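These numbers come from the heavy atoms of this one structure, side chains and all, not from hydrogens, waters or symmetry mates. Computed from a prediction, not measured in an experiment: that's the story for all the values here.
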Amino acid sequence: MAELSLSVPAYDASVGVVAPAEGGTVTVEVVNGSVEIFGDPAGLRDLARMCLALSDAQAPNEAHIHLDAGINPLDLGFASLTLARDPHRPA
């Protein structure tokens with residue numbers, strides 16, 4: 001079975017969470033109370049890298065990434081998205 005692997009730089013407190021992007025596109029919609037996230041392959045890998053970067057054991061619980069509509073990778077005209085570590089759970 002083929003595998004996909006992604007990597008991100010280790011967390012550095014002087015820089016914060018860093019997730020290199022391929023430049024894909026992602027859309028976030030709220031439909032009937034449900035959040036739907038769509039993306040091209042590169043955009044979905046970009047989101048995966050962001051989640052991977054946030055999962056670093058050295059990243060603080062308040063670490064988060066804001067994705068605003070119209071700013072890569074989110075398409076303009078769709079909902080913004082915040083990815084964050086759960087501040088109520090230990091690292």
Side-chain angles (χ1 to χ4, degrees):
M1 173 186 303
E3 288 188 17
L4 296 176
S5 71
L6 300 171
S7 63
V8 295
Y11 179 78
D12 179 346
S14 67
V15 178
V17 176
V18 175
E22 290 180 51
T25 59
V26 172
T27 60
V28 178
E29 298 179 37
V30 179
V31 179
N32 297 323
S34 178
V35 176
E36 297 181 357
I37 300 173
F38 303 94
D40 62 18
L44 293 173
R45 286 189 297 271
D46 289 345
L47 282 178
R49 277 187 201 86
M50 292 173 196
C51 291
L52 184 59
L54 287 167
S55 75
D56 187 315
Q58 299 304 309
N61 280 349
E62 64 273 6
H64 61 281
I65 299 172
H66 291 278
L67 301 171
D68 295 317
I71 307 294
N72 196 347
L74 292 185
D75 282 342
L76 187 63
F78 292 92
S80 295
L81 179 67
T82 300
L83 302 173
R85 290 178 66 114
D86 184 344
H88 305 292
R89 296 196 186 256

Practice problem: Begin with the C-alpha distance, continue with both residues' side-chain angles, and end with the deciding distance and a verdict on side chain to side chain contact (heavy atoms under 4.5 Å, CB included) for M50 and L67. | Solution: CA-CA 10 Å; M50 292 173 196; L67 301 171; 3.7 Å; yes
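Going from atom CG of L44 over to atom CD of E22 covers 10.0 Å, rounded to the nearest 0.5 Å.
The heavy-atom pair separating I37 from L47 by the smallest distance is CG2-CD1, 3.7 Å. The two residues Y11 and G16 come nearest to each other via the heavy atoms CE1-C, 3.5 Å. Closest non-hydrogen pair, L74 versus L81, comes out as CD1-N, 4.0 Å. Between C51 and L83 the shortest heavy-atom distance is SG-CD1, 4.4 Å. Across A53 and A59, no two heavy atoms sit closer than the pair O-CB, 4.3 Å.
Partners of S14 by side-chain hydrogen bond (donor to acceptor under 3.5 Å, both in side chains), not counting sequence neighbours, listed by chain and number: D12.
Listed for the R49 side chain is no donor-acceptor partner under 3.5 Å among the backbone atoms of A19. Distance alone, capped at 3.5 Å, places no donor-acceptor pair between the H66 side chain and the H64 backbone. A donor-acceptor contact shorter than 3.5 Å is absent between the side chain of D46 and the backbone of A21.
Within the 4.5 Å cutoff, the side chain of P20 has heavy atoms near those of the P9 side chain.
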Under 3.5 Å, side-chain donor or acceptor atoms of residues 23-30 against the rest of the protein: list the pairs with distances, not counting sequence neighbours.
residue, atom, partner, partner atom, Å
T25, OG1, D40, OD2, 3.2

